[in-house]
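Heavy-atom basis, side chains included; hydrogens, waters and symmetry copies ignored. Sequence lines set the chain letters: A, B, ... in the order given, protein chains first and strands last, and positions in each chain run from 1.
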Amino acid sequence: MSVRVRIAPSPTGDPHVGTAYIALFNYAFARHQGGKFILRIEDTDQTRSSLESEAAILRALKWVGLSWDEGPDVGGPFGPYRQSERVALYGEHAKLLIQRGKAYRCFCGAERLAELRKQQLAAKGALGYDGLCRALPAEESERRAAAGESFVVRMAMPREGDCIFRDRLRGEIKFANSGIDDQVLLKSDGFPTYHLANVVDDHLMQITHVIRAEEWISSTPKHVLLYEAFGWQAPEFVHMPLLRNKDKSKISKRKNPVSLDYYRDAGILPEALRNFLALMGWSIAADRERFTLEEMVGAFDLDRVSTGEPVFDLVKLMDLNGQYIRELSNEALVERLQEWRMGSGFMNRVAPLVRERMKTLGDFMAQGAFFFLSEIDLKASVAQMIPKERTAKETAAILKEYIERLDDPGPELGGGRRRIELNDKSLEEFSRAFCEANKWQPKELFMALRIALTGKSATPPLFSTMEVLGRELTRKRLRGAAEQLEALK
RNA sequence: GUCCCCAUCGUCCAGAGGCCCAGGACGCUGGCCUUUCAAGCCGGUAACAGGGGUUCGAAUCCCCUUGGGGACACCA
């Protein structure tokens, strides 16, 4: 049987480095084995998924040099490759499990579940559904469903025995069945949860190896039990280590740039990022760390992936990137610069902002350098960010809060759950409301933002600057400024 | 709290019982080169978490402790 693996991102946000990381290892394994690498979109969360996010993920994965044999954009024999287009399938499979007594309808509402959770928390016991609806007679369940009552479908997990499975990197892993929750398989909107959709699709798409991040280990027993309930053979499981922040916690955007777009905008070469990611948990040889994708494919061996807890270290990435840049021919470097931000596309966005402040063409760089810099030097200007009546700590805090709210403005900032668009008008509106809500003068906050983003107190209009800088650089620079303020004493 | 995973320099990796008083890279650091700064070259710094076993022999195997992490949603 030939190898078939997949990357299954959920299109609910920016293209994540973790996705590229796991995709890379799936890709290397598939190619080395002469198998297929599939891209499947797991958009079963109707409220959070978007086509824009999907497009961004595909674009970013291509950017790091990956390609796939089957997927929503290229098609393939096991399509559709977007789970939202396969909902009927999951419904049928859920029904099958109900008929077999492996699953049941649950009519418990959100209030009861919240109450249950509260009690369990208070009792310091195990969290999870108590199985109330599991005891419902089939006829009653049918009748209430037919009457239009809202329900979810839960899996009836075995109450005794153990669930044992093998992880390729970690060996045998054992969970007591009694500790496995009666997982929701089908939500009340008729859409499947991850667990159902993932298992059904992996089986139908004939996936042979599930290579995914370590965070999934604890839900693997649910999946194994699902395969058993369906009477299917489970694929082989390979849980890759999780990428980490400096403090060893799971990599997160509060502590690390996490979007692939950031690395692109910050001037990282895709091949350097790809190479760096490959180094997380794997090596091609003891004394070698630079290699091409093709070389990785040629040498790849899943059994030589280590299970440590790799910290994503920007400093090392930068060094690698420098090596890649030095290796480029002059022509290639100029080409890369143009593709990046020195081409007419980006220049056309910068020029209108900078031109008013130019006396000679040469002033362009002096006035607009910060649009291109990877790192803003704030040493000389940190102190200027702090308004007269405020402290460094307060200023750091407001910058951090600003970053948070930009991505997740509460209803009081008029954003609902959608993040703020990065354009002059919405930024201005948001920022003024933000000042109001936090009792900061616009001129206080705006100067802090200006310096944090540009390193200068005299710049083009703030919000246009943010728009052109882009979301990722904006976030990174504001966070960097906040950190420098905190380091002040 | 419950369950699970992990454990070599500050960081990323090498090490699959003797080749290891542990090797490479980043970082930091001394020097060379050089009008400067990088780059490059030469050198230094720095680790097998602790304790028990197994074995002639353990960084490598087993157990315990400790530490770190993850999961416990009608999110994936």
key: Closest listed nucleotide, where the reference is the side chain of A:Glu215 and the choices are B:rC13, B:rA71, B:rC4   = B:rA71
inquiry  = For a quick check of understanding: with a heavy-atom distance under 4.0 Å over all strands, which category does A:Val184 fall into, base, sugar-phosphate or nothing?
reply    = sugar-phosphate
Pairwise P distance, B:rA22 and B:rC63 [rounded to whole Å] = 28 Å
Selection residues 143-155 of chain A - residue pairs positive for side chain to side chain donor-acceptor pair (under 3.5 Å), sequence neighbours left out = A:Glu140-A:Arg144, A:Arg144-A:Glu149
query = Any side-chain N or O of A:Lys316 under 4.0 Å from OP1/OP2 of B:rC13?
reply = no
inquiry  = Among B:rG24, B:rU11, B:rC74, which nucleotide has an atom closest to any side-chain atom of A:Thr193?
reply    = B:rC74
request  = Could you give the distance separating B:rG70 and B:rC28 at their C1' atoms, to the nearest angstrom?
outcome  = 32 Å
key: Same-atom distance (C1') from B:rG68 to B:rA49, integer angstrom   = 11 Å
query = For B:rC3, which nucleotide in any strand shown is its Watson-Crick or wobble partner with both distances under 3.5 Å?
reply = B:rG70
query = How many angstroms lie between CG in A:Asp181 and OH in A:Tyr129, if you round to the nearest 0.5 Å?
reply = 10.0 Å
message = With rounding to the nearest 0.5 angstrom, report the CD to OG1 distance, A:Glu214 to A:Thr307.
response = 8.5 Å
ask   = Taking the side chain of A:Val152 as its heavy atoms from C-beta onward, which of B:rC13, B:rC6, B:rC74 lies nearest to it?
value = B:rC74
request  = Would you mind classifying the nucleic acid contact of A:Arg244 as base, sugar-phosphate or nothing, using non-hydrogen atoms under 4.0 angstrom?
outcome  = sugar-phosphate
ask   = Taking A:Asp377 for the side chain and A:Gly455 for the main chain, is one N or O donor matched with an acceptor at less than 3.5 Å?
value = no
query = Considering only B:rC26, B:rA25, B:rC74, which nucleotide approaches the side chain of A:Asp319 most closely?
reply = B:rC26
message = Let's see if you can work this out: which of B:rA76, B:rC26, B:rC13 has an atom nearest to the side-chain heavy atoms of A:Ser283?
response = B:rC13
request  = Using the C1' atom on both, measure B:rU54 against B:rG17 and round to a whole Å.
outcome  = 11 Å
ask   = Rounding to the closest angstrom, what is the interatomic distance between B:rA58 and B:rA39 at atom C1'?
value = 43 Å
message = By the 4.0 Å heavy-atom rule, please label A:Gly281 as base, sugar-phosphate, or nothing.
response = sugar-phosphate
inquiry  = Please confirm whether the shortest side-chain N or O distance from A:Lys246 to OP1 or OP2 of B:rG69 is below 4.0 Å.
reply    = no
key: P spacing across the pair B:rC6 / B:rC61, given as an integer number of angstrom   = 12 Å
task = Could you tell me whether A:Thr12 contacts a base, only the sugar-phosphate backbone, or nothing, with contacts defined as non-hydrogen atoms closer than 4.0 Å?
result = nothing
inquiry  = Nearest 0.5 angstrom please: A:Trp232 CH2 to A:Leu204 CG, how far?
reply    = 6.0 Å
key: Proximity to the side chain of A:Asp45 - top-ranked nucleotide from B:rG70, B:rC13, B:rA76   = B:rA76
query = Counting just side-chain N and O atoms, does A:Arg117 come under 4.0 Å of either OP1 or OP2 of B:rA73?
reply = yes
query = With distance as the sole criterion, do the side chain of A:Glu309 and the base of B:rG68 form a donor-acceptor contact below 3.5 Å?
reply = yes
ask   = Would you say A:Asp162's side chain and A:Ile164's backbone share a donor-acceptor pair under 3.5 angstrom?
value = no
Nearest-angstrom distance, C1' atom, B:rC19 to B:rG57 = 14 Å
request  = Have a look at A:Met318 and say if it touches a base, only the backbone sugar-phosphate, or nothing, with a 4.0 Å heavy-atom cut-off.
outcome  = nothing
task = For A:Arg154, answer base if it contacts any base atom (sugar-phosphate contacts may also be present), sugar-phosphate if it contacts only those atoms, and nothing otherwise; contact means non-hydrogen atoms under 4.0 Å.
result = sugar-phosphate
key: Among B:rU11, B:rG27, B:rA14, the one nearest A:Ser306 by side-chain distance   = B:rA14
remark   = Closest to the side chain of A:Thr307, out of B:rC4, B:rC6, B:rC75, is B:rC6
inquiry  = Within the 4.0 Å heavy-atom criterion, would you say A:Ser188 contacts the bases, only the backbone, or no part of the nucleic acid?
reply    = base
query = Between B:rG24 and B:rC64, how far is it from one C1' atom to the other, in whole Å?
reply = 34 Å
query = Nearest to the side chain of A:Arg326 - B:rA76, B:rA39, B:rA71?
reply = B:rA39
task = May I ask you to say what A:Cys108 touches in the nucleic acid, namely base, sugar-phosphate or nothing, with a heavy-atom cut-off under 4.0 Å?
result = base
inquiry  = Counting only side-chain heavy atoms from C-beta out, which of B:rC3, B:rG24, B:rC75 sits nearest to A:Glu289?
reply    = B:rG24
inquiry  = Whether A:Lys248 contacts B:rC6 is assessed here as follows: a side-chain N or O lying under 4.0 Å from the phosphate OP1 or OP2. Is that the case?
reply    = no
query = When you look at A:Glu404 and A:Arg254, which way does the side-chain contact (heavy atoms from CB on, under 4.5 Å) test go after all the steps?
reply = CA-CA 9 Å; A:Glu404 292 297 313; A:Arg254 275 185 187 60; 2.8 Å; yes
